Amino acid sequence: MLQKAREKILALVDDHSFVEMGADAMAVETDYNPVPQQAASDGVITGHGLVDGSLIFIYAQDSDVLGGSIGQMHIRKLKHLYEMAIRLGAPVVGLINSSGLRIQESFDVMEGMAELYQVAVKASGRIPQIMGIFGQCGGALSVFASLQDFVYMTEDSKLFLQAPDALTNGNGIDTASAEFQYNIAGNVDGIGSEVEVIWAMRTLLSTIPGSNREGGFVTGCTDELNRGVVGLEDKRHNIAEFCKEISDEHLFVPVREGIHKSMTCGFIRLGGVTVGVIGNQSEEEGTGPYISSGGARKAASFVKYCDAFDIPVLSLVNVAGYKPDVESESRLTRAIAALTFSFAQATVPKLTLYIGQAKGSAYLAMNPRQLGADLVYAYPDAQIELIDPMLAAQILTADLPGDTAMIAKDFAEKRLGVMNAAKHGYVNRILNFVDTRKYLIDAFGILYTKQVDTQRKHGCK
């Protein structure tokens, strides 16, 4: 177990690459804290290092110094770290274990925390912000955690806005636990041991660009570009496994994996290029796959992140409709609008692959050609249809006599399916399964130089 803040930093960065800044900073003296020299570095170690040779700025709270509590100098050091990261175009990584705001510094530390919120918002969309929680992260600091792009927790750590025992209807539920935050609240991207969290953060940092100035992320590829993918047709109902099969070295970095499982989001590499993937997933065996309101919001947020950092987007479509329950219905319209908006507004290369079903108006939510997909591919057995052919036949023959079964067959042959979509120009290429990886690499290769002129900074949805 990594006991000390410095040990955690050294475990994350490349060997011999960490350079500390602000080591001699001292806590601000107050009436209730008259011996500032006892709080060296004010409870937070800050500096810069390398991960796989790329620059990051990093801080780790030291629980041995005043419980890792947050004071004015603590905040000043973090703000300076952020400002340097923004100027130099490098990620900020935080390793958290804190008892909270230092009450001895009263209003000053509260206003300082607001400054920290402000600098995190300023950094959003410019540099990645990543946080690992290795102990306690509560109160105002939990809001700061939610301003990050990606958050990981060790299994024994705590994340809370209000302590569980302060809640009036908690019924003994540990709302601060890693399991609750991952599987129910959805505030973290992954949980595990200290070693697993460090590894997950290193893998993420080695997959995404260091800033929005880099034009996406490209690295070397040791995998075979023309590698055939075997058994892919059997992995369409498990998007994570599907992604691993097509990705360089079988890499898949999931995002918010614990919640809203109707939508899987994460990063893969194709020919060395990082690509963001969104795919439909059945939440329960034998149902769907449906789009839920939470799944749509999750995907919309992910598309916005990819667009901000010039990461191309791949949509893997296998959807039978929208989740048919009252809770989803009450939120679906605005959630689907948010997903539609994010796809339509994104200017990065976008490719849509129909891997299974694409039915009804849910088809529209997954980035079809006219919403903004640059290229659209499909498998030969994909079921692209506005309406079930038998239902269509029943509607068409409601006022006229006719053989319903015959009309259904005729309607399906003339108006539905992959070939008809291709004939109307909505599918660019029908793929065989084994060549999927090869054609996706080729597609994103030709889309790499895509440019879009926009007349506005952003929309307001």
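Just so it is clear, the values below take in all heavy atoms, side chains as well, and ignore hydrogens, waters and symmetry mates. The structure displayed is predicted, hence computed values, not measured ones. For reference, positions follow the sequence shown, starting with 1.
A pairwise comparison of heavy atoms in S293 and A335 identifies O-CB, 3.5 Å as the closest pair. Annotation for P128 and P209: closest pair CG-O, 3.1 Å, computed over non-hydrogen atoms. Taking both residues in full, the closest heavy atoms of F217 and I208 are given as CD1-O, 3.4 Å, listed atom of the first, atom of the second, then distance. Contact record, I291 with A365: CD1-CB, 4.1 Å, taken as the closest heavy-atom pair. In terms of heavy-atom proximity, I355 sits nearest to N318 at CG1-CB, 3.8 Å. Taking every heavy atom of both residues into account, S211 and I127 meet most closely at CB-CG2, 4.1 Å.
A side chain to side chain donor-acceptor pair (under 3.5 Å) check over residues 112-136, counting only residues at least two apart or in different chains, returns the pairs K79-E115, Y82-Q129.
Residues K450 and V452 form a side-chain contact, since some pair of their non-hydrogen atoms from C-beta on lies under 4.5 Å apart. The closest side-chain heavy-atom distance from V151 to I133 is below 4.5 Å. The closest side-chain heavy-atom distance from F180 to F160 is not below 4.5 Å. Here the side chains of L251 and T207 are in contact, with some heavy-atom distance below 4.5 Å. In this structure, the side chains of Y426 and P368 stay at 4.5 Å or more apart for every pair of heavy atoms. Taking 4.5 Å as the limit, some side-chain heavy atom of D14 sits within range of a side-chain heavy atom of R202. Between V277 and L316, some side-chain heavy-atom pair lies under the 4.5 Å cut-off. Residues H48 and E20 fail the side-chain proximity criterion, which asks for heavy atoms closer than 4.5 Å.
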E245 vs R437, salt bridge (Lys or Arg N to Asp or Glu O under 4.0 Å): CA-CA, chis, key distance, verdict: CA-CA 9 Å; E245 190 62 42; R437 171 177 160 81; over 6 Å; no
Decide yes or no on side-chain contact (heavy atoms from CB on, under 4.5 Å) for L440 and I246, but give the supporting numbers first. CA-CA 9 Å; L440 291 180; I246 63 175; 3.8 Å; yes
Check step by step if side-chain contact (heavy atoms from CB on, under 4.5 Å) holds for S54 and L50. CA-CA 5 Å; S54 296; L50 303 175; 6.0 Å; no
Could you walk me through whether L95 and M201 satisfy the side-chain contact (heavy atoms from CB on, under 4.5 Å) test, starting with their C-alpha distance in whole Å, then the side-chain angles of each, then the deciding distance to 0.1 Å, before giving a yes or no? CA-CA 11 Å; L95 310 179; M201 296 172 78; 3.9 Å; yes
Under the ring pair (Phe, Tyr, Trp, His ring centres under 6.0 Å) rule, what do Y354 and Y363 come out as? Steps first, then yes or no, please. CA-CA 10 Å; Y354 294 110; Y363 160 95; 5.7 Å; yes
Please assess L116 against F144 for the test side-chain contact (heavy atoms from CB on, under 4.5 Å), listing each intermediate value before the final yes or no. CA-CA 8 Å; L116 205 52; F144 185 62; 3.8 Å; yes
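Here the straight-line distance linking atom CG of L78 with atom OG1 of T46 works out to 7.5 Å at 0.5 Å rounding. Atom CD of E194 and atom CD of E155 lie 10.5 Å apart (nearest 0.5 Å). Atoms OH and CG, from Y377 and L353 in turn, are 9.5 Å apart once rounded to the nearest 0.5 Å. To the nearest 0.5 Å, atoms CD (Q61) and OG (S63) are separated by 9.5 Å. Between atom CG of residue L339 and atom CG of residue N367 there is a gap of 8.5 Å, rounded to the nearest 0.5 Å. We find the SG-CG distance between C137 and L159 to be 5.0 Å, quoted to the nearest 0.5 Å.
In this structure, N212 contributes its side chain and A308 its backbone to no donor-acceptor pair below 3.5 Å. Although no hydrogens or angles enter the test, the distance criterion places a donor-acceptor pair under 3.5 Å between the side chain of Q281 and the main chain of I239. Not a single donor-acceptor pair under 3.5 Å links the side chain of S315 to the backbone N or O of V317. Looking only at distances, a side-chain donor or acceptor of K298 sits under 3.5 Å from a matching main-chain atom of M263. The main-chain N or O of E249 is found under 3.5 Å from a side-chain atom of D223 such that the two form a donor-acceptor pair. With hydrogens and angles ignored, the 3.5 Å screen pairs a side-chain donor or acceptor of T340 with a backbone N or O of I336. Put simply, the side chain of N238 gets close to the backbone of E241: a donor and an acceptor are under 3.5 Å apart. With R269 contributing its side chain and S247 its backbone, the two residues share no donor-acceptor pair below 3.5 Å. Judged by distance alone, the side chain of D189 and the main-chain N or O of R256 form a donor-acceptor pair under 3.5 Å. Looking at H250, its side chain does come within 3.5 Å of a backbone N or O of K244 through a donor-acceptor pair.
Ring-centre distance between Y182 and Y152: not below the 6.0 Å cut-off. Ring pair F302/F267: centre-to-centre distance below 6.0 Å. Checked against a 6.0 Å centroid threshold, the rings of Y448 and F444 do not count as neighbours.
Checked against Y59 for a side chain to side chain contact (heavy atoms under 4.5 Å, CB included), the options V92, I9, I45, V93 give a single hit: V92.
Taking the charged nitrogens against the carboxylate oxygens, K350 and D374 have no contact shorter than 4.0 Å, which rules out a salt bridge. Salt-bridge annotation for K8 and D62: absent, with no side-chain N of the basic residue lying under 4.0 Å from a carboxylate O of the acidic one.
Side-chain atoms of T154 and S157 form a donor-acceptor pair, as typed in the model, at a separation below 3.5 Å.
Heavy-atom contacts from other residues, nucleotides or ligands closer than 6.0 Å to CD of E214 number more than 12.
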